[in-house]
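Structure first, then comments.
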Amino acid sequence: GQTGKLMYVMHNSEYPLSCFALFENGPCLIADANFDILMVKLKGFFQNAKANKIESRGTRYQYCDFLVKVGTVTMGPSARGISVEVEYCPCVIANDCWNLLMEFMQSFMGNHTPGIPSVFSTKHDSVYSPADTMVQYMELFNKIRKQQQVPVAGIR
């Protein structure tokens with residue numbers, strides 16, 4: 001009788017021994033890589049969303065203190081978008097270096113530089129964690145999924 005909540009199980013190549021489980025509008029659980037096996041054993045309680053796998057694969061670049069990852073976002077066999085992840089390695093408080101990140105991103109993204117991520121609004125002076133990155137990927141992937149569902153009108 002309860003409404004189901006979505007849980008997204010995600011992996012990040014920067015943290016190969018970890019698995020991230022993000023709950024819809026909720027916390028992020030960080031577990032070891034065997035979490036996937038546990039989820040298979042609990043399949044009576046969780047329903048797997050078939051053919052809903054989405055991933056970003058690409059190249060990792062380092063320029064001085066910046067880490068830039070550019071990836072192609074795919075759903076199944078087709079490309080759906082591009083992801084750009086930028087990290088300023090010396091800083092662990094995201095709000096302290098946001099202006100520097102914006103300036104760096106504008107140097108190669110121009111008008112396509114994004115605004116401040118929503119995850120920053122809850123992290124004012126907190127240490128930025130890998131879970132925060134995964135929340136941002138989840139938001140990006142959900143935007144791409146929604147774009148997929150919008151019907152395309154025919155041109156006459």
Side-chain angles (χ1 to χ4, degrees), residues 1-62 66-98 101-102 105 109 112-152:
Q2 290 183 343
T3 306
K5 274 194 155 188
L6 297 176
M7 179 180 71
Y8 301 92
V9 178
M10 302 175 74
H11 298 271
N12 186 328
S13 59
E14 292 290 318
Y15 307 97
L17 300 178
S18 297
C19 182
F20 301 85
L22 290 94
F23 293 90
E24 184 178 38
N25 300 321
C28 176
L29 169 73
I30 302 174
D32 68 12
N34 293 330
F35 184 76
D36 290 341
I37 296 167
L38 175 64
M39 292 306 297
V40 169
K41 293 187 184 284
L42 295 174
K43 66 183 172 190
F45 300 99
F46 294 96
Q47 182 178 357
N48 191 10
K50 299 279 188 233
N52 213 6
K53 182 179 178 182
I54 187 168
E55 68 180 343
S56 178
R57 288 187 179 266
T59 308
R60 179 184 193 268
Y61 302 96
Q62 187 159 359
F66 292 94
L67 190 60
V68 180
K69 298 177 205 163
V70 181
T72 303
V73 179
T74 57
M75 274 182 67
S78 57
R80 297 288 177 201
I82 296 171
S83 66
V84 179
E85 178 185 340
V86 179
E87 178 183 346
Y88 181 60
C89 299
C91 187
V92 294
I93 308 294
N95 282 334
D96 288 353
C97 63
W98 178 248
L101 281 169
M102 281 292 292
M105 288 187 291
M109 294 178 73
H112 301 288
T113 303
I116 191 162
S118 61
V119 74
F120 283 27
S121 63
T122 60
K123 302 284 292 180
H124 298 292
D125 291 326
S126 301
V127 174
Y128 190 86
S129 71
D132 298 321
T133 299
M134 299 313 290
V135 167
Q136 290 180 75
Y137 272 108
M138 182 185 69
E139 290 172 356
L140 172 68
F141 293 164
N142 283 338
K143 275 185 194 175
I144 290 172
R145 279 190 188 102
K146 285 177 185 163
Q147 289 173 352
Q148 169 75 15
Q149 294 170 354
V150 174
V152 178

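Keep in mind that what you see is a predicted model, and the values were worked out from it rather than measured.
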Quiz prompt | Pairwise distance CD1(Ile144) to OG(Ser83) - rounded to 0.5 angstrom | solution = 7.5 Å
Quiz item: By side-chain hydrogen bond (donor to acceptor under 3.5 Å, both in side chains), which residues pair with Glu55, not counting sequence neighbours?
Solution: Arg57
Exercise. Might you point out which heavy atoms bring Val86 and Met105 nearest each other, and give the distance in Å?
Key: CG2-CG, 3.7 Å
Quiz item: Say you draw a straight line from NE2 of His11 to CZ of Phe35; how long is it, rounded to the nearest 0.5 Å?
Solution: 9.5 Å
Self-check item: 4.5 Å side-chain heavy-atom contact, Ile54 and Thr74
Solution: no
Exercise. Give the minimum heavy-atom separation between Thr72 and Ala79, together with the two atoms involved.
Key: CG2-CB, 3.8 Å
Quiz item: Can you tell me if Asp132 uses its side chain to pair, donor with acceptor, with the backbone of Ser129 under 3.5 Å?
Solution: yes
Quiz prompt | With sequence neighbours excluded, residues passing salt bridge (Lys or Arg N to Asp or Glu O under 4.0 Å) with Glu85 | solution = Lys69
Quiz item: When rounded to the nearest 0.5 angstrom, what is the spacing between CE in Met138 and CZ in Phe23?
Solution: 11.0 Å
Practice problem: Work out which heavy atom in Cys19 is nearest to a heavy atom in Asp36; give both atom names and the distance. | Solution: SG-OD1, 3.7 Å
Self-check item: Tyr8 to Asn142 - nearest heavy-atom pair and separation
Solution: OH-OD1, 3.5 Å
Exercise. Report the distance from atom OG1 of Thr133 to atom CG of Asn12, rounding to the nearest 0.5 Å.
Key: 7.0 Å
Quiz item: From Tyr61 OH over to Leu67 CG, what is the distance, rounded to the nearest 0.5 angstrom?
Solution: 12.0 Å
Practice problem: Determine, stepwise, if the pair Val92 / Tyr128 fulfils side chain to side chain contact (heavy atoms under 4.5 Å, CB included). | Solution: CA-CA 6 Å; Val92 294; Tyr128 190 86; 5.7 Å; no
Quiz item: Closest approach of Pro114 and Met102, non-hydrogen atoms and distance?
Solution: O-SD, 3.4 Å
Quiz item: Say you draw a straight line from CE of Met134 to CE of Met10; how long is it, rounded to the nearest 0.5 Å?
Solution: 4.0 Å
Practice problem: Check whether any side-chain heavy atom of Pro117 sits under 4.5 Å from a side-chain heavy atom of Trp98, and report yes or no. | Solution: yes
Quiz item: How would you list, by chain and number, every residue that makes a side-chain hydrogen bond (donor to acceptor under 3.5 Å, both in side chains) with Ser18, sequence neighbours excluded?
Solution: none
Quiz item: Is the count of non-hydrogen atoms from other residues, nucleotides or ligands lying under 6.0 Å from Ile82 atom CD1 greater than 12?
Solution: no
Quiz item: Does Glu139 reach the side chain of Ser118, with side-chain heavy atoms less than 4.5 Å apart?
Solution: yes
Quiz prompt | Over all atoms of both residues, closest heavy-atom pair of Ser56 and Gly71 | solution = OG-CA, 3.7 Å
Exercise. Check step by step if side chain to side chain contact (heavy atoms under 4.5 Å, CB included) holds for Met75 and Arg145.
Key: CA-CA 8 Å; Met75 274 182 67; Arg145 279 190 188 102; 4.2 Å; yes
Exercise. Please work out which of the three classes, parallel, tilted or perpendicular, describes the rings of Phe20 and Tyr15, given edges at 30° and 60°.
Key: perpendicular
